Amino acid sequence: MNKDNFFEMVFEVVRQIPYGRVTSYGAIAEFLGAKRSSRMVGYAMNGAGKATPPVPAHRVVNRAGMLTGKAAFGSTDLMQELLEREGIKVKNDKIVDFKTVFWHPESLLES
DNA sequence: GCAATGACTGGAG
DNA sequence: CCTCCAGCCATTG
């Protein structure tokens, strides 16, 4: 079954990520109130490419800013391309100035 | 319902 | 910020 509740809220947050910004699985999990379920966030992203509308999963990386899920895009180079496309510099499968482009989900609370 | 899995995280070196 | 170890948790077989 697609669009499960847990996946849904993860997709929602990821879709709210502004252009040229990235966030981490733990940040999303924490925002959802399930910081312990950080792994589930990544797991949910596994269905992101199959979800509708598709979510910018390339904007979601681990806490180190490493493109851990690049393999799930089908093309490992695709994720880096998309990130650079947004103005984000990627070096050795890791985001440059990660803390600078990092986006906090809690920013949604600020209208 | 139990066992295995995984796009993770925090603590320590 | 990098590497290794152990803990958490929902989905799947």
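Naming convention: chains lettered A, B, ... in sequence-line order (proteins, then strands); numbering from 1 in each chain. No hydrogens, no waters, no symmetry mates; every other heavy atom, side chains included, goes into these values. What you are looking at is a predicted structure, and each value in this text was computed from that prediction instead of being measured.
- Legend: residues meeting side-chain hydrogen bond (donor to acceptor under 3.5 Å, both in side chains) with A:E30, ordered by chain and number and at least two apart, are absent.
- Between A:F6 atom CZ and C:dC8 atom C1' there is a gap of 11 Å when expressed in whole angstrom units.
- Qualifying salt bridge (Lys or Arg N to Asp or Glu O under 4.0 Å) partners for A:E12, counting only residues two or more places apart in sequence or in other chains: A:R15.
- Annotation: side chain of A:E86 is in contact with side chain of A:H58 (closest heavy-atom distance under 4.5 Å).
- With hydrogens and angles ignored, the 3.5 Å screen pairs no side-chain donor or acceptor of A:R63 with any backbone N or O of A:G26.
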Please write out each protein N/O paired with an N/O of nucleotides 7-13 of chain B under 3.5 Å, distance rounded to 0.1 Å.
residue : atom : partner : partner atom : Å
B:dA7   : N6   : A:M45   : O            : 3.0
B:dA7   : N3   : A:Y25   : OH           : 2.9
B:dC8   : OP1  : A:T68   : OG1          : 3.4
B:dC8   : N4   : A:R39   : NH1          : 3.4
B:dC8   : N4   : A:R39   : NH2          : 3.2
B:dT9   : OP1  : A:G26   : N            : 3.1
B:dT9   : OP2  : A:R63   : N            : 2.8
B:dG10  : N7   : A:R63   : NH2          : 3.4

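- With distances taken from any side-chain atom of A:K94 to the nucleotides C:dA10, C:dC2, C:dT11, the minimum falls on C:dC2.
- Note: NZ (A:K50) to C1' (C:dT11) measures 11 Å, nearest angstrom.
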inquiry  = Please determine whether side-chain contact (heavy atoms from CB on, under 4.5 Å) holds for the pair A:M45 and A:Y25, giving the CA-CA distance in whole Å, both sets of side-chain angles, and the decisive distance to 0.1 Å.
reply    = CA-CA 10 Å; A:M45 301 312 310; A:Y25 307 94; 4.2 Å; yes
